[in-house]
Trainee: 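Got a structure for you, written out below as structure tokens; questions coming shortly.
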2 protein chains.
Amino acid sequence: MKSHSHSHARSGSAQLKERLRRGARKMTAPRRAILEILRQHSHPLSSKEIFVALPSAGCDLATVYRSMHLLEGMKMVKRFDLGDGVARYELLGEGDDGHHHHLVCTRCGAVVEIDECFISELEEKVAARNGFKAVSHQLEFFGICPRCQ
Amino acid sequence: MKSHSHSHARSGSAQLKERLRRGARKMTAPRRAILEILRQHSHPLSSKEIFVALPSAGCDLATVYRSMHLLEGMKMVKRFDLGDGVARYELLGEGDDGHHHHLVCTRCGAVVEIDECFISELEEKVAARNGFKAVSHQLEFFGICPRCQ
DNA sequence: ATCGCTGCAAAAATTTTGCAGGTAA
DNA sequence: TTACCTGCAAAATTTTTGCAGCGAT
């Protein structure tokens with residue numbers, strides 16, 4: 001059995017609520033719905049995608065935008081840029097920095113999560129050579145998926 | 001002397017014109033100005049940044065947008081996403097796929113070009129394992145530059 | 001002389017914000 | 001109760017598009 005390091009299983013509604021509470025924030029119906037959508041998807045979703053996936057009594061689109069900003073600030077979601085200039089978000093487990101990569105089909109948009117990351121050595125070299133501190137990186141792969149070939 | 005693989009020096013105005021002509025496109029004043037701006041900068045620029053950098057008798061912002069789309073389609077510029085969801089462009093030499101990476105200061109936005117790329121092995125593995133073809137990748141580094149530390 | 005290109009202006013799309021009332025804790 | 005939140009609507013941005021005239025080849 002393959003275990004994804006970014007599994008969302010651990011993020012129970014109660015835990016999410018607790019994390020919000022720690023930031024003096026509240027667990028409201030819109031936030032619960034948004035987090036639920038994110039939990040149901042293993043791929044990053046844009047604010048718009050989240051909005052349309054919301055149940056019938058969803059919330060305002062503005063609320064989705066506000067929520068994503070809040071959740072990103074609280075490190076409860078991680079933002080990804082998958083090359084099309086649209087911000088997409090994934091739920092983040094407690095303490096998880098969410099560091100992983102994606103393989104995106106440029107034809108149909110399918111996304112495969114890539115857990116491995118062998119960039120740290122290169123990252124250190126890049127940081128040292130240029131005198132940068134606290135260096136991180138973002139890496140995404142693009143190609144044509146089996147179904148689209 | 002350090003030679004950047006993505007040097008722009010080779011892109012003379014005449015060559016750029018020739019490349020446009022091959023695509024049945026014309027070298028006009030706005031395009032010449034835009035390409036000139038790009039040639040003067042070794043870092044990716046957004047449409048807006050190009051627009052404000054344009055000489056007094058610049059062109060319409062809409063023209064910048066149209067030009068960037070055109071030039072990207074003709075592979076005369078390459079688009080980069082530096083994490084803030086803004087499309088930025090760099091001039092591409094003839095035949096150059098423009099593959100390189102950036103080290104971006106998250107404080108002041110300074111950008112360092114990184115020519116090396118040791119990802120090909122990982123890229124092949126990722127492609128093979130998931131049955132993808134024509135896989136490429138985009139990698140950007142983020143950190144705090146010496147001046148901002 | 002063509003066909004592409006541009007400015008201008010309007011439209012569309014995306015994201016942010018003010019505010020008054022509602023609600024979690 | 002008291003912050004925090006939300007819907008609604010308006011505003012601010014960002015990007016695209018229609019069109020008539022201009023210009024490169």
Side-chain angles (χ1 to χ4, degrees), chain A residues 12-37 44-74 76-77 79-89, chain B residues 12-37 44-74 76-77 79-89:
Chain A
S13 182
Q15 292 214 23
L16 293 169
K17 181 175 174 178
E18 165 61 15
R19 288 165 72 184
L20 282 168
R21 196 197 58 70
R22 256 180 281 156
R25 291 298 140 82
K26 295 167 181 174
M27 176 59 94
T28 61
R31 290 179 186 171
R32 197 177 345 261
I34 289 168
L35 290 166
E36 183 56 31
I37 298 291
L45 297 177
S46 68
S47 293
K48 183 81 81 59
E49 289 168 337
I50 293 169
F51 178 67
V52 303
L54 249 24
S56 49
C59 67
D60 197 89
L61 178 55
T63 298
V64 178
Y65 280 112
R66 280 191 280 229
S67 294
M68 299 327 290
H69 285 169
L70 174 79
L71 295 171
E72 185 182 9
M74 297 190 70
M76 291 179 65
V77 300
R79 197 180 101 189
F80 288 95
D81 290 302
L82 263 37
D84 58 356
V86 177
R88 290 162 198 278
Y89 302 89
Chain B
S13 182
Q15 292 214 23
L16 293 169
K17 182 175 175 180
E18 164 61 15
R19 288 165 73 184
L20 282 169
R21 196 197 59 71
R22 257 180 279 157
R25 292 297 143 82
K26 296 166 181 174
M27 176 60 94
T28 61
R31 290 179 187 170
R32 195 175 351 260
I34 289 168
L35 290 166
E36 183 56 30
I37 298 291
L45 297 177
S46 68
S47 293
K48 184 81 80 60
E49 288 168 339
I50 292 169
F51 178 67
V52 302
L54 248 23
S56 49
C59 67
D60 198 88
L61 178 55
T63 297
V64 179
Y65 280 112
R66 282 191 278 228
S67 294
M68 299 326 292
H69 287 169
L70 173 79
L71 295 172
E72 185 183 9
M74 297 190 71
M76 290 178 65
V77 301
R79 196 180 103 187
F80 288 94
D81 290 303
L82 263 36
D84 59 355
V86 177
R88 291 162 197 278
Y89 303 88

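Reminder, nothing fancy here: chain letters follow the sequence lines and each chain counts from 1.
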Trainee: What is the distance from CE of Met27(A) to P of dC4(D), rounded to the nearest Å?
Mentor: 17 Å

Trainee: CG of Asp60(A) versus P of dT17(C): gap in Å, rounded?
Mentor: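 Distance, rounded to whole Å: 15 Å.
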
Trainee: Just how far, in rounded Å, is P of dC4(D) from CG of Leu71(A)?
Mentor: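 The distance from CG of Leu71(A) to P of dC4(D) comes to 16 Å, rounded to the nearest Å.
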
Trainee: Can you find a side chain N or O atom of Arg31(B) that sits less than 4.0 Å from OP1 or OP2 on dT6(C)?
Mentor: yes

Trainee: Within the structure, does a side-chain N or O atom of His69(B) lie under 4.0 Å from either OP1 or OP2 of dT15(D)?
Mentor: no

Trainee: With a 4.0 Å cut-off on heavy atoms, is Ala29(B) in touch with a base, just the backbone sugar-phosphate, or nothing at all?
Mentor: nothing

Trainee: Rounding to an integer number of Å, can you tell me how far Met74(B) CE sits from dC5(C) C1'?
Mentor: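 Result: 14 Å.
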
Trainee: In whole angstrom, what separates Glu18(B)'s CD from dA24(D)'s P?
Mentor: 18 Å

Trainee: For dG7(C) and Thr63(B) - does any side-chain N or O of the residue sit under 4.0 Å from the phosphate oxygens OP1/OP2?
Mentor: yes

Trainee: On DNA chain D, check which nucleotide each of Arg21(B) and Gly85(B) is closest to and give me the residue with the more 5' one.
Mentor: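 This one resolves to Gly85(B).
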
Trainee: Round to a whole Å and report the spacing from CG of Leu61(B) to C1' of dT17(D).
Mentor: 14 Å

Trainee: Can you see if the side chain of Thr28(A) gets near the phosphate of dT23(C) - specifically, an N or O under 4.0 Å from OP1 or OP2?
Mentor: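 Result: no.
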
Trainee: Test Met74(A) against every option in Arg19(A), His69(A), Arg25(A) by the side chain to side chain contact (heavy atoms under 4.5 Å, CB included) rule and name the one that passes.
Mentor: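 Exactly one option meets the side chain to side chain contact (heavy atoms under 4.5 Å, CB included) with Met74(A), and it is Arg25(A).
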
Trainee: Looking at Arg25(A), does any N or O in its side chain come under 4.0 Å of the phosphate oxygens OP1/OP2 on dC5(D)?
Mentor: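 Arg25(A) to dC5(D) OP1/OP2: side-chain N or O found under 4.0 Å.
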
Trainee: Taking OP1 and OP2 of dT15(C), is either one under 4.0 Å from a side-chain nitrogen or oxygen of Tyr65(A)?
Mentor: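 Looking at the OP1 and OP2 atoms of dT15(C), one of them is under 4.0 Å from a side-chain N or O of Tyr65(A).
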
Trainee: Starting at atom CZ of Phe51(A), determine the distance to atom C1' of dT15(C), rounded to an integer number of angstrom.
Mentor: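 In whole Å, dT15(C) C1' and Phe51(A) CZ are 13 Å from each other.
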
Trainee: Which distance, rounded to the nearest 0.5 Å, do you find between the NZ of Lys17(B) and the CZ of Arg31(B)?
Mentor: 13.0 Å

Trainee: Any donor-acceptor pair under 3.5 Å between the side chain of Arg32(B) and the base of dG23(D)?
Mentor: no

Trainee: Got a salt bridge between Arg32(B) and Glu36(B), using NZ or NE/NH1/NH2 to carboxylate O under 4.0 Å?
Mentor: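 Result for this pair is no, no salt bridge flagged.
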
Trainee: Quick one: the side chain of Arg66(A) and the base of dG18(C), do they pair up donor-acceptor inside 3.5 Å?
Mentor: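 Pair found.
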
Trainee: According to a strict under-4.0 Å criterion, is Lys26(A) in side-chain N/O contact with OP1 or OP2 of dT6(D)?
Mentor: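 It does not, given that no N or O in the side chain of Lys26(A) lies less than 4.0 Å from OP1 or OP2 of dT6(D).
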
Trainee: Between dA24(D) and Lys17(B), is there an OP1 or OP2 to side-chain N/O distance shorter than 4.0 Å?
Mentor: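 Lys17(B) to dA24(D) OP1/OP2: no side-chain N or O under 4.0 Å.
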
Trainee: Over how many whole Å does the gap from Met68(B) atom CE to dT14(D) atom C1' extend?
Mentor: 16 Å

Trainee: Report yes or no: does Glu18(B) contribute a side-chain atom to a donor-acceptor pair with the main-chain N or O of Gln15(B) at less than 3.5 Å?
Mentor: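 No; zero donor-acceptor contacts below 3.5 Å.
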
Trainee: Taking Val86(A)'s backbone N and O only, do any of them form a donor-acceptor pair with Asp84(A)'s side chain (distance below 3.5 Å, no angle check)?
Mentor: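 Flag set: sc Asp84(A) to bb Val86(A) pair under 3.5 Å.
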
